[in-house]
Amino acid sequence: MAVDPELFKQGLRRWASGVTVVTTKSGDQPHGMTVSAFSSVSADPPLVLVCANRNSRTHGVIREGGRFTVNVLASDQQDVSAVFSSSKLEDSRFEHVAWRPGLGGVPLIDGALVNLECRVEHSHDHGSHTIYIGHVEVAHVTDKRPLLYYDGAYRDVG
Ligand SMILES: Cc1cc2nc3c(=O)[nH]c(=O)nc-3n(C[C@H](O)[C@H](O)[C@H](O)COP(=O)(O)O)c2cc1C
């Protein structure tokens, strides 16, 4: 038995999430994309996961570089989410945001609610996506409000 694909999409649109930009680097080339498929996995050891479409450039760069940073966006960073999901801006995304290099030169996006610097511990290919499990080595935490995404639109808490 298989779920109706349209009902599957409708159901998942009703899942409210935060919004992250997952950044990575291989060689000299930093890269990153907007990701809502993010979750904590374990507190001890500190593990998180992100799901990356295997057609995305970010997927290949994480695989090559072995590191990624989860930048959890703040409520005033809707424009950052738009930049990092735009295929038109694919080669110039980092010119549109303020960032600084973190571990391994992987970009940390300034003004994010949280930056989690991760080393890839495992990867699992399933269907169209790869689940990357990252061991969190450094966390930068602020007290801003989060950017939310629900039913195809950006939302603010409250
Ligand atoms: C709110 C939002 C959430 C997204 N979440 C994901 C995600 O979890 N995984 C994914 O692979 N793509 C996700 N995307 C799509 C990518 O950001 C988009 O396809 C991007 O252009 C891929 O860039 P790249 O090919 O340069 O890596 C999301 C887009 C938006 C707007």
Side-chain angles (χ1 to χ4, degrees), residues 3 5-6 8-41 47-99 101-102 104-136 144-158:
V3 68
E6 196 46 45
F8 176 74
K9 279 190 211 157
Q10 281 180 22
L12 292 185
R13 279 171 68 97
R14 283 159 176 72
W15 167 248
S17 70
V19 184
T20 79
V21 168
V22 171
T23 50
T24 183
K25 190 178 180 204
S26 173
D28 287 342
Q29 196 51 49
H31 200 69
M33 70 172 177
T34 303
V35 166
S36 57
F38 160 71
S39 179
S40 65
V41 173
L47 302 176
V48 296
L49 70 77
V50 296
C51 298
N53 192 309
R54 281 193 273 158
N55 290 330
S56 68
R57 277 178 58 189
T58 304
H59 169 270
V61 181
I62 295 176
R63 184 143 284 183
E64 286 162 23
R67 300 196 63 85
F68 64 86
T69 291
V70 180
N71 302 270
V72 179
L73 298 186
S75 58
D76 60 355
Q77 291 185 306
Q78 197 173 311
D79 54 336
V80 176
S81 176
V83 164
F84 279 85
S85 54
S86 159
S87 48
K88 277 193 206 147
L89 299 175
E90 199 176 65
D91 293 319
S92 64
R93 288 174 182 162
F94 289 98
E95 294 166 24
H96 297 271
V97 298
W99 62 278
V106 175
L108 304 180
I109 294 185
D110 289 349
L113 179 61
V114 178
N115 314 95
L116 300 172
E117 301 189 66
C118 305
R119 166 176 48 77
V120 173
E121 189 140 305
H122 296 290
S123 66
H124 303 278
D125 296 341
H126 291 290
S128 53
H129 282 58
T130 294
I131 302 168
Y132 284 109
I133 296 182
H135 189 117
V136 180
K144 300 176 177 184
R145 287 203 318 276
L147 179 62
L148 302 183
Y149 195 70
Y150 172 70
D151 201 16
Y154 295 103
R155 318 275 178 168
D156 198 349
V157 172

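We count ligands from 1, going down the list as the structure has it; atoms in each ligand are counted the same way. For this chain, numbers begin at 1 and follow the sequence in order. Note that this is a predicted model, so its numbers are computed, not measured. Note: hydrogens, waters and symmetry copies are ignored here, and every other heavy atom, side chains too, is used.
With ring centers used as reference points, Phe84 lies 6.0 Å or more from His96.
Ligand 1 has His129 within reach: a non-hydrogen atom of the residue lies less than 4.0 Å from it. Using 4.0 Å as the threshold, Phe38 has no heavy atom nearer than that to any atom of ligand 1.
With rounding to the nearest 0.5 angstrom, the CD1 atom of Ile109 is 8.0 Å from the CG atom of Asn115. Distance check: Leu108 CG to Thr69 OG1 gives 5.5 Å after rounding to the nearest 0.5 Å. Between the CG atom of Leu49 and the NE2 atom of His124 there is a distance of 9.0 Å, given to the nearest 0.5 Å. Taken to the nearest 0.5 Å, the OH atom of Tyr132 stands 13.5 Å off from the SG atom of Cys118. Going from atom CZ of Arg57 over to atom CG of Asp91 covers 5.0 Å, rounded to the nearest 0.5 Å. A distance of 11.0 Å separates OG of Ser17 from CZ of Arg155, quoted to the nearest 0.5 Å.
For Ser87, no nitrogen or oxygen atom sits less than 3.5 Å from a nitrogen or oxygen atom of ligand 1, counting backbone and side chain alike. Annotation: Gly32 places no N or O atom under 3.5 Å from an N or O atom of ligand 1; distance criterion only. Note: an N/O pair closer than 3.5 Å links His31 and ligand 1 by distance alone. Residue Arg57 places at least one N or O, backbone or side chain, under 3.5 Å from an N or O of ligand 1. In terms of polar-atom proximity, defined here as any N/O pair under 3.5 Å, Ser86 makes no such contact with ligand 1. Note: an N/O pair closer than 3.5 Å links Ser36 and ligand 1 by distance alone.
Among protein heavy atoms, atom 19 (O) of ligand 1 sits closest to Ser85 O, 4.8 Å. Annotation: atom 28 (C) of ligand 1 to nearest protein heavy atom, Thr34 O, 3.4 Å. Among protein heavy atoms, the minimum distance from atom 22 (C) of ligand 1 is reached at Met33 SD, 3.6 Å.
Atoms of ligand 1 lying under 4.0 Å from at least one heavy atom of Ala37, given by number and element, are 8 (O). Taking every heavy atom of Asn53 and a limit of under 4.0 angstrom, the matching atoms of ligand 1 come to 10 (C), 11 (O). The Cys51 neighbourhood of ligand 1 comprises atoms 7 (C), 8 (O), 9 (N), 10 (C), 11 (O), with distances under 4.0 Å to a heavy atom of that residue. Contact atoms of ligand 1 toward Tyr149: 1 (C) (distance under 4.0 Å to a heavy atom of the residue). Shown in contact with Ala52 at under 4.0 Å from a heavy atom are these atoms of ligand 1, numbered in order with element: 11 (O). Ligand 1 places these atoms under 4.0 Å from at least one heavy atom of Thr58: 24 (P), 27 (O).
Using a 4.5 Å heavy-atom threshold, the side chains of Phe68 and Val106 count as separate. Between His31 and Arg93, some side-chain heavy-atom pair lies under the 4.5 Å cut-off.
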Leu148 and Val157: side-chain contact (heavy atoms from CB on, under 4.5 Å), yes or no, with the steps?
CA-CA 7 Å; Leu148 302 183; Val157 172; 4.0 Å; yes
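Closer than 4.0 Å to atom 8 (O) of ligand 1 lies at least one heavy atom of the protein.
The side chain of Glu90, and not its backbone, has at least one atom closer than 4.0 Å to an atom of ligand 1 (non-hydrogen atoms only; side chain from C-beta on). By the criterion of a heavy-atom distance under 4.0 Å, the side chain of Arg93, and not its backbone, is placed next to ligand 1.
More than 12 heavy atoms of other residues, nucleotides or ligands sit less than 6.0 Å from atom CZ of Arg119.
Between Phe94 and Trp99, the angle of the ring planes goes over 60°, which puts this pair in the perpendicular group of the 30/60° scheme.
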